[in-house]
Amino acid sequence: MSAPLVVGLEAAALCGPGLPDWAASLPVLTGATPYRPEPLMLAPPPQLSPGERRRAVPSVRLALGVGMAAVEQSGLDAAALPAVFASSSADGETIDAILATLCTATREVSPTRFHNSVHNAPSGYWGLATQSREVVSSVSCHDQSFAAGLLEAAVQVASGESHVLLVAYDLPYPPPLAALRPIVGGFGVALVLSRTASQRTLARLRIGLSDTGDETPCADPALDTLRLGNPAARALPLLIALGRKSAQSVRLGLSRGGLQVDVEP
């Protein structure tokens, strides 16, 4: 493994089928309760204005929901946090609606549909919700988007930022696009990384590049199905290590090689 980047982890949040938030998911992550998938419920972000809440598509609701939860847990000011948003794709429902419109005689795509279709739409809504003027990045790396986002956020901390928010999210495409890009359920995760430890620090992470692309699986077969089926859910082995407060090395795949994340509670 290459010389690692060492960062603190101040907060963690997640939302997925049967995993509504961090506190409710801990019994599953620790193995005390079997994982049972349930429908994903996404509420409009209350931090947005009424008009923006109506326009907020599922990817925006998911990303802002976990992002706000992690910031609240960290006790930091969302407006003062640089952020990295990571997703393998944009909002599938919006893209499907645009393609359906282009197949009609009028071919008139609404401006709202168009701006919700771009990959960095959730990060734009984040700026509106938090009134933040900090740097926000959007990254994508197919099934390895979470690992790419984690690496980007860690590099920013190592380069001098005191704290960086990472938000990773992915949702299924509707048919017929789902046949070409199948994604299981919906999953979002947010982490707040820090340069120095505090009383809120959950763990220290040593993040280094690895020559192997091997990935750490989940011991629970149902959780591993979610991990393999949703790019953002590749975070699950790391979340499990955090939930169990156990020292563990977690491997995440990248397009070339991978990441090794050593978790030190």
Side-chain angles (χ1 to χ4, degrees), residues 7-43 45 58-76 78 81 83-88 122-123 126 143-150 153 164-172 183-193 200-203 205 215-220 222-246 248 250 252 259 261 263 265:
V7 299
L9 180 66
E10 300 295 295
L14 80 160
C15 181
L19 303 167
D21 57 43
W22 178 252
S25 301
L26 278 176
V28 175
L29 297 177
T30 59
T33 302
Y35 172 59
R36 294 185 178 88
E38 296 178 2
L40 187 65
M41 306 299 293
L42 299 175
S59 60
V60 171
R61 297 182 181 194
L62 177 58
L64 266 63
V66 293
M68 291 295 185
V71 172
E72 181 179 353
Q73 185 187 132
S74 74
L76 298 170
L81 274 177
V84 176
F85 283 72
S87 180
S88 74
S123 65
W126 177 261
D143 286 342
Q144 293 79 37
S145 293
F146 170 74
L150 178 60
V164 175
L165 170 68
L166 168 64
V167 180
Y169 55 95
D170 268 294
L171 286 159
I183 294 178
V184 173
F187 195 89
V189 56
L191 308 174
V192 177
L193 306 184
R200 294 178 181 268
T201 301
L202 300 177
L205 305 182
E215 297 183 347
T216 300
C218 298
D220 184 324
L223 272 181
D224 208 49
T225 297
L226 176 60
R227 178 188 72 87
L228 292 172
N230 187 298
R234 294 297 207 278
L236 276 168
L238 176 58
L239 298 175
I240 289 171
L242 294 172
R244 295 181 177 180
K245 299 180 180 180
S246 60
Q248 183 179 339
V250 175
L252 303 170
L259 288 185
V261 184
V263 181

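Under the salt bridge (Lys or Arg N to Asp or Glu O under 4.0 Å) criterion, Asp143 pairs with Arg181, Arg234, not counting sequence neighbours. Partners of Asp170 under the side-chain hydrogen bond (donor to acceptor under 3.5 Å, both in side chains) rule, at least two apart in sequence or in another chain, are Ser87, Ser88. For Ala203, the side chain to side chain contact (heavy atoms under 4.5 Å, CB included) partners are Leu242, Val263, not counting sequence neighbours. Scanning for side-chain hydrogen bond (donor to acceptor under 3.5 Å, both in side chains) contacts around Gln144 gives an empty result, with sequence neighbours left out. Applying the side chain to side chain contact (heavy atoms under 4.5 Å, CB included) test to Gln73 and every residue at least two apart in sequence or in another chain returns Ala11, Trp22, Leu202. Checked against side chain to side chain contact (heavy atoms under 4.5 Å, CB included), Pro34 has the following partners two or more places apart in sequence or in another chain: Arg36. Applying the side chain to side chain contact (heavy atoms under 4.5 Å, CB included) test to Thr30 and every residue at least two apart in sequence or in another chain returns Ala32, Arg244. Not a single salt bridge (Lys or Arg N to Asp or Glu O under 4.0 Å) links Asp21 to another residue, sequence neighbours left out.
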Leu42/Cys15 under side chain to side chain contact (heavy atoms under 4.5 Å, CB included): CA gap, chis, key distance, verdict: CA-CA 9 Å; Leu42 299 175; Cys15 181; 4.3 Å; yes

Check against side chain to side chain contact (heavy atoms under 4.5 Å, CB included), Val7 and Val164: CA-CA 10 Å; Val7 299; Val164 175; over 6 Å; no

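Heavy-atom minimum distance, Ile183 versus Pro231: CG2-CD, 4.2 Å. Heavy atoms only, all atoms of each residue included: Ala23 and Pro27 are closest at O-CD, 3.7 Å. Considering all non-hydrogen atoms of both residues, Ala63 and Phe85 come closest at CB-CE2, 4.2 Å. Arg61 and Pro45 make their closest contact through CG-CD, 4.0 Å (heavy atoms, listed as atom of the first residue, atom of the second, distance). Nearest heavy-atom pair across Leu191 and Ala12 is CD2-CB, 3.8 Å. Closest approach of Pro17 to Gly186, counting heavy atoms only: CD-O, 2.9 Å.
Tested against Phe146 for a side-chain contact (heavy atoms from CB on, under 4.5 Å), the candidates Asn230, Leu166, Leu236 yield a single pass: Leu166.
By the 4.5 Å heavy-atom criterion applied to side chains, Leu19 and Leu226 are counted as neighbours. Looking at Pro122 and Val167, their side chains never come closer than 4.5 Å, going by heavy atoms from C-beta outward. Between Pro20 and Met41, every side-chain heavy-atom pair lies at or beyond the 4.5 Å cut-off. Side chains of Leu165 and Leu76 form no contact here, defined as non-hydrogen atoms less than 4.5 Å apart.
One finds the CG atom of Asp220 at 11.0 Å from the OG1 atom of Thr33 (value rounded to the nearest 0.5 Å). Interatomic distance, Leu193 CG to Ser74 OG, rounded to the nearest 0.5 Å: 11.0 Å. Between atom CD of residue Gln248 and atom CD1 of residue Ile240 there is a gap of 8.0 Å, rounded to the nearest 0.5 Å. Within the model, atoms CG of Leu238 and CG of Leu259 stand 10.5 Å from one another, a figure rounded to the nearest 0.5 Å.
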